[in-house]
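Here's the structure, in structure tokens; my notes come after.
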Amino acid sequence: MSVYEHGDRYSQLKKKKFSNQILLDFSANINPLGYSRSVKKTLLSNIESIVHYPAPQDGELQRAIKEYYNLPSHAGILTTNGAAEAFYTLCQYLRPHRALFLAPCFSEYERAVRSVGGECAYFVLSAKDDFQPDTEKLASRLTGCDIVFIANPNNPTGGLWPQKALEYFIAQAAAQKCFVVLDESFLDFRADYEDFSAQYLLGTYDNFCIVHSMTKFFALPGLRLGFVVGTQKLVQKLSYFQQPWNVSTLAQLAGIAALGDIEYGEETRSYVHTERVYLQQELAKFSSWHVYEPTVNFLLLELRVESGLTAFSIQENLLKRGILIRNCDNYRGLDSRYFRLAVRRREENRILVQTLRNLKLK
């Protein structure tokens with residue numbers, strides 16, 4: 001299995017010297033406002049707690065998650081060391097023989113399946129359709145698959161599934177005895193979250209679960225925190241495949257503090273929406289690329305063939321100027337024309353746009 005390179009090379013590159021002596025990271029889709037002030041206060045005041053073992057799975061963090069997301073009382077919650085651990089734990093339990101993925105998508109889905117010896121099949125999304133899947137055609141590909149991974153919204157394309165399409169697909173998967181892993185890690189960035197989440201289907205279908213990352217919206221990638229929502233039976237089974245104390249004491253406390261800061265969440269959604277619109281409008285002024293409609297805190301761009309540019313050349317030229325972007329040529333279904341930009345703070349977004357102009361791009 002080849003090593004897959006993610007975004008966020010900040011830790012590798014921060015010691016290097018750049019012409020403008022700064023390093024702006026547009027490669028990782030993290031909340032541009034950073035973590036909540038209540039998180040910092042909580043961590044600093046609870047540093048002595050690291051001498052104790054973390055709380056068990058049925059603790060205060062699970063209750064905070066259930067309250068924040070207004071989850072039904074019958075839903076089970078399993079906290080994980082980031083969303084990535086959730087995918088690997090699910091595969092350890094389900095042991096899929098054949099998995100179906102939409103391409104492009106997050107690479108850890110495939111790696112989790114391959115880690116248990118499963119085969120992989122792909123439904124390649126088309127740029128002509130703005131990378132939106134034909135739900136009926138996708139459902140026809142379920143034959144012979146025992147697990148399928150769906151991200152809503154999808155990373156890196158930003159494609160959103162309407163709830164009716166999700167329910168239709170989950171029902172079709174149930175008829176094929178196929179389990180659906182639904183990744184809603186980026187939905188938190190939308191004020192209309194409940195209009196797209198499948199959590200209302202919990203209790204109606206038992207062949208799916210929802211995975212959340214708390215590292216993106218709550219800006220906790222270094223602490224690692226995520227969770228799975230599903231039936232109580234599924235959560236109990238999954239817990240057998242987890243390492244003990246998988247979520248640290250400080251990560252649990254940070255999660256509780258972040259979930260309790262409602263004002264922070266509202267401010268984030270408003271800010272990201274404003275900056276997403278700004279970036280989309282400014283980047284659309286360049287004729288060198290096409291900007292796909294963004295739905296959350298990142299944008300996918302496709303370089304036009306006539307520009308003579310590649311994502312690698314854009315990446316290298318920006319890196320020399322202290323700006324990191326996500327070259328998407330290693331995503332299955334994409335090529336050297338695609339790159340992704342995170343939504344950052346206004347001052348950073350302005351620097352990005354001006355730097356692109358300084359590169360003499362049209």
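For the numbers below, each heavy atom of this structure counts, side chains included, while hydrogens, waters and symmetry mates do not.
Listed by first and then second residue, the side chain to side chain donor-acceptor pair (under 3.5 Å) pairs that reach into residues 42-55 come to none, sequence neighbours excluded. Sorted by first then second residue, the side chain to side chain donor-acceptor pair (under 3.5 Å) pairs that include residues 126-135, not counting sequence neighbours, number zero. Within the structure, every pair that satisfies the salt bridge (Lys or Arg N to Asp or Glu O under 4.0 Å) test and touches residues 251-280, not counting sequence neighbours, is listed here: Glu275-Arg346. Among pairs with a residue in residues 232-250, none fulfils salt bridge (Lys or Arg N to Asp or Glu O under 4.0 Å), at least two apart in sequence or across chains. For residues 135-147, the set of pairs meeting the salt bridge (Lys or Arg N to Asp or Glu O under 4.0 Å) definition, not counting sequence neighbours, is empty. For residues 304-326, no pair satisfies ring pair (Phe, Tyr, Trp, His ring centres under 6.0 Å), with sequence neighbours left out. Sequence neighbours left out, the pairs with a member in residues 133-174 that pass ring pair (Phe, Tyr, Trp, His ring centres under 6.0 Å) are Phe101-Phe149, Tyr109-Phe149, Trp161-Phe169.
A 4.5 Å side-chain heavy-atom check between Pro104 and Cys328 finds every atom pair outside the cut-off. Side-chain contact between Leu138 and Leu100 is present, with at least one heavy-atom pair separated by less than 4.5 Å. You'll find the side chain of Ile150 stays beyond 4.5 Å of the side chain of Asp183, heavy atoms only. Two residues are said to be in side-chain contact when any heavy atoms from C-beta on lie closer than 4.5 Å; Phe26 and Asn349 meet this criterion.
No donor-acceptor contact under 3.5 angstrom links the side chains of Tyr200 and Glu194, judged on distance only. Ser197 and Glu184 share a side-chain donor-acceptor pair at under 3.5 Å. There is no side-chain donor-acceptor pair under 3.5 Å between Asn81 and Tyr88. Between the side chains of Gln163 and Asp195, no donor-acceptor pair of N or O atoms lies under 3.5 Å. Counting only N and O atoms by type, the side chains of Tyr193 and Gln199 include a donor and acceptor under 3.5 Å apart. Side-chain N/O atoms of Asn358 and Arg321 include no donor and acceptor closer than 3.5 Å.
With a 6.0 Å cutoff to the six-membered ring centre and a 45° limit on the axis angle, Arg326 does not count as a cation-pi contact of Phe339.
To the nearest 0.5 angstrom, Leu341 atom CG is 12.0 Å from Gln280 atom CD. The CG atom of Leu309 sits 9.5 Å away from the CG atom of Leu359 when rounded to the nearest 0.5 Å. Here the CZ atom belonging to Phe208 is positioned 8.5 Å from the CZ atom belonging to Phe179, to the nearest 0.5 angstrom. Atom CG of Asn297 and atom CG of Leu299 lie 9.0 Å apart (nearest 0.5 Å). Within the model, atoms CH2 of Trp289 and CG of Leu300 stand 12.5 Å from one another, a figure rounded to the nearest 0.5 Å.
Every residue meeting the ring-ring contact (aromatic ring centres under 6.0 Å, His included) condition with His290, not counting sequence neighbours, appears here in chain and number order: Tyr292. Under the rule for a salt bridge (Lys or Arg N to Asp or Glu O under 4.0 Å), the partners of Asp335 that lie at least two apart in sequence or sit in another chain are Arg337. With sequence neighbours left out, Glu119 forms a salt bridge (Lys or Arg N to Asp or Glu O under 4.0 Å) with Arg98. Qualifying salt bridge (Lys or Arg N to Asp or Glu O under 4.0 Å) partners for Glu282, counting only residues two or more places apart in sequence or in other chains: Lys285, Arg357.
A donor-acceptor pair under 3.5 Å links the side-chain atoms of Gln242 to the main chain of Thr79, judged by distance alone. Remark: side-chain polar atoms of Glu348 are paired, donor with acceptor, to backbone N or O of Arg345 under 3.5 angstrom.
Summarising the local packing, OH of Tyr35 is surrounded by 12 or fewer heavy atoms from other residues, nucleotides or ligands at distances under 6.0 Å. Enclosure of atom CG in Asp206 is not indicated, since only 12 or fewer non-hydrogen atoms of other residues, nucleotides or ligands lie within 6.0 angstrom. Other residues, nucleotides and ligands contribute only 12 or fewer heavy atoms inside 6.0 Å of the CZ atom of Arg37.
One finds a salt bridge joining Glu108 and Arg111 here, because a Lys/Arg side-chain nitrogen approaches an Asp/Glu carboxylate oxygen to under 4.0 Å. Comment: Arg63 does not engage Glu67 in a salt bridge, judged by the lack of any side-chain N to carboxylate O separation of less than 4.0 angstrom.
In summary, the aromatic rings of Phe189 and His273 are positioned with their centroids too far apart to meet the 6.0 Å limit.
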task: Report the C-alpha distance between Arg340 and Asn327 in whole Å, list the side-chain angles of each, state the deciding distance to 0.1 Å, and finish with yes or no for side-chain hydrogen bond (donor to acceptor under 3.5 Å, both in side chains).
output: CA-CA 7 Å; Arg340 189 192 68 200; Asn327 179 355; over 6 Å; no

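Each of Leu78, Val235, Ile77 was scored for a side chain to side chain contact (heavy atoms under 4.5 Å, CB included) with Gln62, with one residue passing: Ile77.
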Tell me which donor-acceptor pairs under 3.5 Å the side chains of residues 214-231 have, and how far apart each pair is, sequence neighbours excluded?
from   : atom 1 : to     : atom 2 : distance (Å)
Thr215 : OG1    : Ser213 : OG     : 2.7
Arg224 : NH1    : Pro221 : O      : 3.2
Thr231 : OG1    : Leu234 : N      : 3.0

